[in-house]
Amino acid sequence: MKTQTALIHDPRHAPQYIDSLQPPVYRASTIVFKDTAQLLNRHWTDRYDYSYGTHGTPSTYTLGDQIARMDGGEYCLLAPSGLSAINLVNSTFLSTGDEVWLPDNVYGPNSDHVEFLQNNYGIIPKVYDPLDASTFEPSAQCKLIWLEAAGSVTLEFPDLQGLIKKAKAHGILTAIDHTWGASLAFSPFAIGDEALAVDIAVHALTKYPSGGGDVLMGSVVTKDKALHTKLLRTHARQGISVSADDCATVYRSLPSMAMRYAKQSETCLELLDFLKNKPQIAQVLHPATADNASHQFWQQNCLTAKSAGLVSVIMDKRYSWADVCRFVDALKLFKIGFSWGGATSLVMLYDIKKMRRLTHHHLADGYLVRFCIGLEDVSDLMADIEQALNVLKLDEKTN
Ligand SMILES: *Cc1c(COP(=O)(O)O)cnc(C)c1O
């Protein structure tokens with residue numbers, strides 16, 4: 001064999017079946033069949049279908065099985081981002097004329113995605129108040145309700161049990177975005193005392209499971225084979241696939257996730273009183289505080305007192321948008337950026353009134369700042385917030 005050919009058809013590669021602690025990474029578009037029988041006897045609904053890279057490789061199935069186990073489900077499909085996982089659910093179960101309900105505090109890009117489906121495909125979006133299940137009033141056309149616990153930015157924990165029971169009574173599919181809970185604060189397939197289960201659990205693996213701010217991925221977990229098969233068909237037909245290297249990165253981070261989550265929850269809880277006592281801050285938004293509008297629902301569902309590492313504050317209304325920008329710019333350890341779940345603390349600012357369709361009497365007036373707590377020492381984070389708030393204090397009178 002000429003060297004050129006041997007570089008392609010390696011005549012004596014090293015023995016491949018060794019045990020390493022991390023599973024090997026299978027980078028594949030083409031998957032080679034042993035013979036025509038293997039080619040012809042496979043089927044796309046097989047649990048492990050090895051046909052082509054987009055269908056799956058040992059790298060995607062190994063991670064998918066771990067995510068399904070972690071979520072307490074049975075089947076998992078991986079998507080290249082959390083938003084792509086949301087798209088997979090919406091485009092599998094919604095068709096023209098169908099109604100879908102979203103909480104008012106839904107992850108913004110999910111709402112934008114549904115608006116796109118409305119404009120292009122005639123889907124009908126409706127909005128409910130996550131703290132009041134009576135505002136969820138499905139019509140006969142309703143196919144799907146999205147739940148999100150806790151909701152984005154304002155972090156209300158919804159009346160999960162009330163909403164799920166109502167959806168089930170109407171035969172409506174329930175999908176939860178449980179990125180915040182991460183299967184640690186509550187289990188999406190065993191919620192509350194009655195162990196209520198949603199139909200579909202979506203998780204932005206980009207956040208806690210990745211833990212590093214360097215991977216984008218999402219998962220869709222189900223317990224029901226028929227639902228999974230419908231999702232699987234869309235997954236194949238839309239060409240949704242993930243990189244094996246990204247799978248390996250997330251897989252490697254999973255064993256430390258519960259410890260990271262617990263530490264970030266703890267640091268976040270330690271910041272609550274400190275934030276509450278600052279005159280520049282009008283309101284602290286976190287479901288574990290006794291005066292939070294969603295506290296009872298958090299208590300009902302998150303019995304292990306876990307609450308992620310996110311806290312939002314509403315700045316005193318005397319501060320303009322420019323003032324709040326100056327505060328955020330003065331932070332040193334908190335980096336300005338979207339997402340969360342990594343070692344580095346992050347901060348983001350929002351004009352919350354522009355993002356909500358319903359009126360919410362539980363939210364103070366003023367601009368919102370969200371802190372995503374990383375793994376730094378709490379005393380350093382406090383000192384950083386303290387020094388940045390002083391930028392505002394000095395200028396109070398001139399604004
Ligand atoms: C980040 C996030 C997503 C989307 O995940 P990406 O991987 O960034 O697309 C979805 N839902 C929630 C609640 C999120 O925080």
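As the structure is a prediction and not an experimental result, all values here were calculated from the model. All values below were derived from every heavy atom in this structure, side-chain atoms included, with hydrogens, water molecules and symmetry-related copies excluded. Whatever order the structure lists ligands and atoms in, that order sets their numbers, starting from 1.
What sits closest to atom 11 (N) of ligand 1 on the protein, heavy atoms only, is Asp177 OD2, 2.6 Å. The protein atom (non-hydrogen) at minimum distance from atom 8 (O) of ligand 1 is Tyr107 OH, 3.9 Å.
Every atom of ligand 1 with a heavy atom of Lys207 under 4.0 Å away is listed here by number and element: 1 (C), 2 (C), 3 (C), 14 (C), 15 (O). When each atom of ligand 1 is checked for a heavy atom of Trp340 under 4.0 Å away, the hits are 15 (O). Applying the 4.0 Å criterion to heavy atoms of Glu148 picks out, from ligand 1, the atoms 13 (C). Of all atoms in ligand 1, numbered sequentially from 1 with element shown, those under 4.0 Å from a heavy atom of Thr206 are 6 (P), 7 (O). Interface of Gly82 with ligand 1, defined as ligand atoms under 4.0 Å from a residue heavy atom, comprises 4 (C), 5 (O), 6 (P), 7 (O), 9 (O). Taking every non-hydrogen atom of Leu83 and a distance limit under 4.0 Å, the qualifying atoms of ligand 1 come out as 4 (C), 5 (O), 6 (P), 9 (O).
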Worksheet entry | Verdict with reasoning, Lys166 to Asp159, per salt bridge (charged side-chain N to carboxylate O under 4.0 Å, His left out) | CA-CA 11 Å; Lys166 192 159 183 184; Asp159 177 8; over 6 Å; no
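Paired with Tyr367 under the rule ring-ring contact (aromatic ring centres under 6.0 Å, His included), one option of Tyr350, Trp321, Tyr319 passes, and it is Trp321.
Between the side chain of Thr92 and the backbone N or O of Thr234 there is no donor-acceptor pair closer than 3.5 Å. Proximity of a side-chain donor or acceptor of Ser265 to a complementary backbone N or O of Tyr261 within less than 3.5 Å is detected.
Between Lys353 and Asp365 a salt bridge is recorded (basic side-chain N to carboxylate O distance below 4.0 Å).
Both Leu285 and Phe338 belong to a common hydrophobic cluster when Ile, Leu, Val, Met, Phe, Trp and Tyr are linked at side-chain heavy-atom distances under 4.5 angstrom.
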